[in-house]
Amino acid sequence: MSEIVTLKENRQFHLLYRRGKCLVSSTVVIYVLKNKYNNLRYGITTGKKIGNAVKRSRSRRVIRAAFAQLNPSLKRGYDIVFVARGKTPFVKSTVVKEEMEKLFAKANLFSE
RNA sequence: CGAGUAGAUUGGACAGUUGCGGUUGAAUUUUGAAAAAAAUCAUCCGAGGAAAGUCCGGGCCCCAUAGAGCAGAACAACGGCUAACGGCCGCCGAGGGUGACCUUAGGGAAAGUGCAACAGAAAAUAACCGCCGUUAUCGGUAAGGAUGGAAAGGUGAGGUAAGAGCUCACCGUGGAUAUGGAGACAUAUCUGACGUGUAAACCCUGUUCGGAGCAACACCGUGGUAGGAUUAAUCGCUUGCUCGGCGUAUCCUUUGGAGGUGGCAUUGAGCAGUAGUGGCAACACUCUGCCAAGAUAGAUAACUGUCCACGACAGAACCCGGCUUAUAGAUUUAGUCGCAUA
RNA sequence: CGAGGUGUAGCGCAGUUUGGUAGCGCACAUCGUUCGGGACGAUGGGGCCGCAGGUUCAAGUCCUGUCACCUCGA
């Protein structure tokens with residue numbers, strides 16, 4: 001159940017940017033790629049474009065909170081990278097959750 | 001009541017549910033020979049006044065080091081505080097403000113060198129015009145000469161052939177003496193005749209400074225590198241087979257990439273106190289109480305409800321003392337000025 | 001965490017050493033040349049020298065602070 005691993009290395013992020021499937025909404029961008037393992041791995045990118053350290057941290061927290069609610073209903077065996085956008089730190093996590101739900105449905109990631 | 005000055009404190013609050021990081025658990029379960037590790041549960045704690053910029057100063061740690069000096073850099077009235085500082089406090093001088101108060105890199109230009117565009121007679125040995133005496137010559141003089149940021153101490157009077165600190169009064173400035181002060185300095189008296197500005201130009205004088213930084217440093221270290229040992233056993237190549245050789249493998253040593261652990265977070269230049277003593281103050285000493293984040297891709301979030309001023313700037317990364325910069329507001333203390341009333 | 005560099009016309013750069021006039025190339029405007037355009041020739045406009053303060057008679061230049069961007073080392 002708690003086999004969620006975070007992506008850490010720069011090479012893994014670059015692999016997803018090159019090969020992964022890209023889905024965009026107004027608050028978050030998602031890259032998805034099938035991996036060889038049986039668990040779900042994810043990473044969050046908050047670039048300098050978003051703002052100062054407070055805004056970057058808030059973006060990470062909002063994305064992590066939204067993902068924690070959707071996590072149990074997703075298929076295993078995928079790598080996901082979330083990229084925060086400029087609006088992300090000013091938005092509540094429920095909004096991010098709704099948009100993330102649409103993107104996951106488009107990527108056909110929900111089990112059942 | 002209005003305007004303004006100098007400080008201090010604070011930086012949304014409360015309740016509920018879910019979730020995150022850590023401390024401590026003679027708690028429970030699993031693994032393990034043990035040490036211990038993982039999970040669950042309980043308990044307590046969980047960003048700032050600037051955590052920021054990295055501009056100074058230290059602690060800590062490594063390297064170097066007989067001693068001294070040069071170079072270079074920083075600082076610069078005076079007295080103090082401090083572990084130290086380029087910081088802070090007090091005070092003096094200068095400048096600004098009606099005032100509370102504010103600003104101030106504030107040593108030396110009579111040790112030397114350099115520079116001062118344009119304008120102007122001349123930017124520093126007063127060369128020139130001018131004035132006066134005498135008249136080819138020469139001598140005296142710094143009143144006047146449109147400029148300039150700055151023109152030979154300033155203004156006024158006397159004086160003279162013409163002039164001039166040549167003389168006098170006031171003012172500026174240098175020196176000496178006396179008094180006050182811890183000192184910078186201030187005041188008074190006497191005296192000299194005072195050759196512009198620039199040292200944030202070179203420079204001179206005095207003080208301080210060995211270098212590098214927690215990605216430091218210490219330890220562990222599968223693989224790899226280098227060296228050695230063993231062919232008893234396994235695999236591959238060299239040949240169809242055996243021996244032999246090479247590689248792999250095993251063991252020991254060296255080095256130490258990736259990674260991990262410590263450093264690193266309760267004992268410190270620690271925090272709080274309408275506390276006490278000394279001091280104008282910075283600060284020092286004493287007393288009482290407390291132990292208050294510690295991650296390693298990096299923990300504070302989500303939702304609901306209530307209130308108001310509707311929440312600014314903004315996130316620890318080895319730790320402290322300052323400085324600088326950003327900042328919606330709120331509370332509060334002490335002076336000042338103006339108006340009105342008594 | 002540490003070290004260094006650059007901000008000047010729309011763009012790319014000089015000038016900063018040793019303070020006094022802000023310049024070069026491309027671009028832009030006008031005129032000439034051509035049947036017309038390009039090229040060429042001539043003329044001209046355009047600057048808070050990143051920002052703030054200070055020293056100086058005078059600052060793009062000297063000093064201090066600050067902002068932004070870039071590069072490098074581990």
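Chain A is the first sequence line, chain B the second, and so forth, proteins listed ahead of strands; every chain is numbered from 1.
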Would you tabulate the nitrogen or oxygen pairs shorter than 3.5 Å linking the protein to nucleotides 313-315 of chain B?
from	atom 1	to	atom 2	distance (Å)
B:G315	OP2	A:Ala53	N	3.2
B:G315	OP2	A:Val54	N	3.4
B:G315	O6	A:Arg61	NH1	3.1

Practice item. Scan every strand shown for a Watson-Crick or G-U wobble partner of B:G156, both distances under 3.5 Å, and answer none if you come up empty. Key: B:C168

Practice item. For B:C291 versus B:G315, give the span between their C1' atoms, rounded off to a whole number of Å. Key: 24 Å

Exercise for review: Could you tell me which residues satisfy side-chain contact (heavy atoms from CB on, under 4.5 Å) with A:Val24, sequence neighbours excluded, listed by chain and number?
Suggested key: A:Cys22, A:Val29, A:Arg85

Point to revise | Pairing residues for A:Val32 by the side-chain contact (heavy atoms from CB on, under 4.5 Å) criterion, not counting sequence neighbours | key: A:Ile30, A:Tyr78, A:Leu109

Short N/O separations, protein against nucleotides 325-328 of chain B, under 3.5 angstrom:
none

Check your understanding: Can you check the A:Glu98 CD to B:C303 P distance for me, whole Å?
Key -> 11 Å

Check your understanding: Can you check side chain to side chain contact (heavy atoms under 4.5 Å, CB included) on A:Ser25 and A:Lys102, steps first, answer last?
Key -> CA-CA 9 Å; A:Ser25 75; A:Lys102 284 179 202 163; over 6 Å; no

Exercise for review: State the syn/anti category of B:A292 according to its glycosidic angle, syn meaning within 90° of 0.
Suggested key: syn

**Study point:** Rounded P spacing from B:G172 to B:G154 in Å
**Key:** 16 Å

Review point. When the C1' atoms of B:A84 and B:G59 are considered, how many whole Å apart are they?
Key: 10 Å

Study note, to complete from the structure: The side-chain contact (heavy atoms from CB on, under 4.5 Å) partners of A:Arg61 (sequence neighbours excluded) come to A:Ser57

Exercise for review: Would you please test A:Val62 and A:Arg58 for side chain to side chain contact (heavy atoms under 4.5 Å, CB included) and show each step?
Suggested key: CA-CA 6 Å; A:Val62 166; A:Arg58 164 142 184 105; 3.9 Å; yes

Review point. In the strands shown, is B:C287 matched to any nucleotide by a Watson-Crick or G-U wobble pair with both distances under 3.5 Å, and which?
Key: B:G273

Review point. Does any nucleotide pair with B:C202 by Watson-Crick or G-U wobble geometry, both distances under 3.5 Å, and what is it?
Key: B:G112

Point to revise | Within-4.5 Å side-chain heavy-atom neighbours: A:Val83 and A:Val28 | key: no

**Study point:** Mate of B:U104 where both pairing distances stay under 3.5 Å, Watson-Crick or G-U
**Key:** B:G93

Review point. Mind checking the C1' distance from B:U125 to B:A152? Whole angstroms is fine.
Key: 14 Å

Restricting both atoms to N or O, compile the protein contacts to nucleotides 18-22 of chain B shorter than 3.5 Å, with distance only.
none

Review point. Which glycosidic conformation, syn or anti, is assigned to B:A52 if syn requires a torsion within 90° of zero?
Key: anti

Exercise for review: Identify the two heavy atoms, one from A:Ala107 and one from A:Leu23, that lie closest to each other, and give their separation to 0.1 Å.
Suggested key: CB-CD1, 3.6 Å

Review point. Once you round it to whole Å, what is the distance between C1' of B:A302 and CD of A:Glu101?
Key: 15 Å

Review point. Between B:A36 and B:U24, how far is it from one P atom to the other, in whole Å?
Key: 13 Å

Point to revise | Nearest-angstrom distance, P atom, B:U306 to B:U324 | key: 46 Å

Practice item. Searching all strands shown, indicate the nucleotide that pairs with B:A340 (Watson-Crick or G-U wobble; both distances under 3.5 Å). Key: none

Practice item. Specify the glycosidic conformation (syn or anti) of B:G107, with syn defined as within 90° of 0. Key: anti

Exercise for review: Using the closest heavy atom to pick a nucleotide of RNA chain B for each, name whichever of A:Val95 or A:Arg64 lands nearer the 5' end.
Suggested key: A:Arg64

Review point. Do A:Thr88 side-chain atoms and A:Ala84 backbone N/O form a donor-acceptor pair below 3.5 Å?
Key: no

Check your understanding: Say you pick atom C1' in C:C1 and the same atom in B:C319; how far apart are they, in whole Å?
Key -> 15 Å

Review point. Where does RNA chain C pair, written as one dot-bracket string 5' to 3', with Watson-Crick or G-U pairs under 3.5 Å, ( ) inside the strand, [ ] for crossing pairs and | for another strand?
Key: ((((((((.[[[[.)....(..]]]].(((((.......))))).....[[[[[..)....]]]]]))))))).

Review point. Whole Å only: how far is the CZ atom of A:Arg56 from the P atom of B:A301?
Key: 17 Å

Review point. Paired with B:G87 by Watson-Crick or G-U wobble geometry, both distances under 3.5 Å: which nucleotide is it?
Key: B:C81

Point to revise | ring pair (Phe, Tyr, Trp, His ring centres under 6.0 Å) partners of A:Phe104, counting only residues at least two apart | key: none

Review point. So which nucleotide does B:A215 pair with, by the Watson-Crick or G-U wobble rule with both distances under 3.5 Å?
Key: none

Practice item. Only counting residues at least two apart or in another chain, list the ones meeting side-chain contact (heavy atoms from CB on, under 4.5 Å) with A:Ala66. Key: A:Val96, A:Lys97, A:Met100

Point to revise | Gap separating the CD1 atom of A:Ile80 from the CD1 atom of A:Ile44, nearest 0.5 angstrom | key: 11.0 Å

Check your understanding: Taking a pair as Watson-Crick or G-U wobble with both distances under 3.5 Å, which nucleotide is matched to B:C190?
Key -> B:G175

Practice item. Using a 90° cut-off around 0 for syn, call B:G49 syn or anti. Key: syn

Exercise for review: Nearest 0.5 Å please: distance from the NZ atom of A:Lys34 over to the NZ atom of A:Lys21.
Suggested key: 11.0 Å

Check your understanding: For residues 81-101 of chain A, which residue pairs qualify under ring pair (Phe, Tyr, Trp, His ring centres under 6.0 Å), counting only residues two or more places apart or in two chains?
Key -> A:Phe67-A:Phe82

Review point. Considering only the C1' atoms, how many Å lie between B:U325 and C:C51, rounded to the nearest integer?
Key: 13 Å

Practice item. Mind telling me if C:G36 is syn or anti? Syn here is a glycosidic angle within 90° of 0. Key: anti

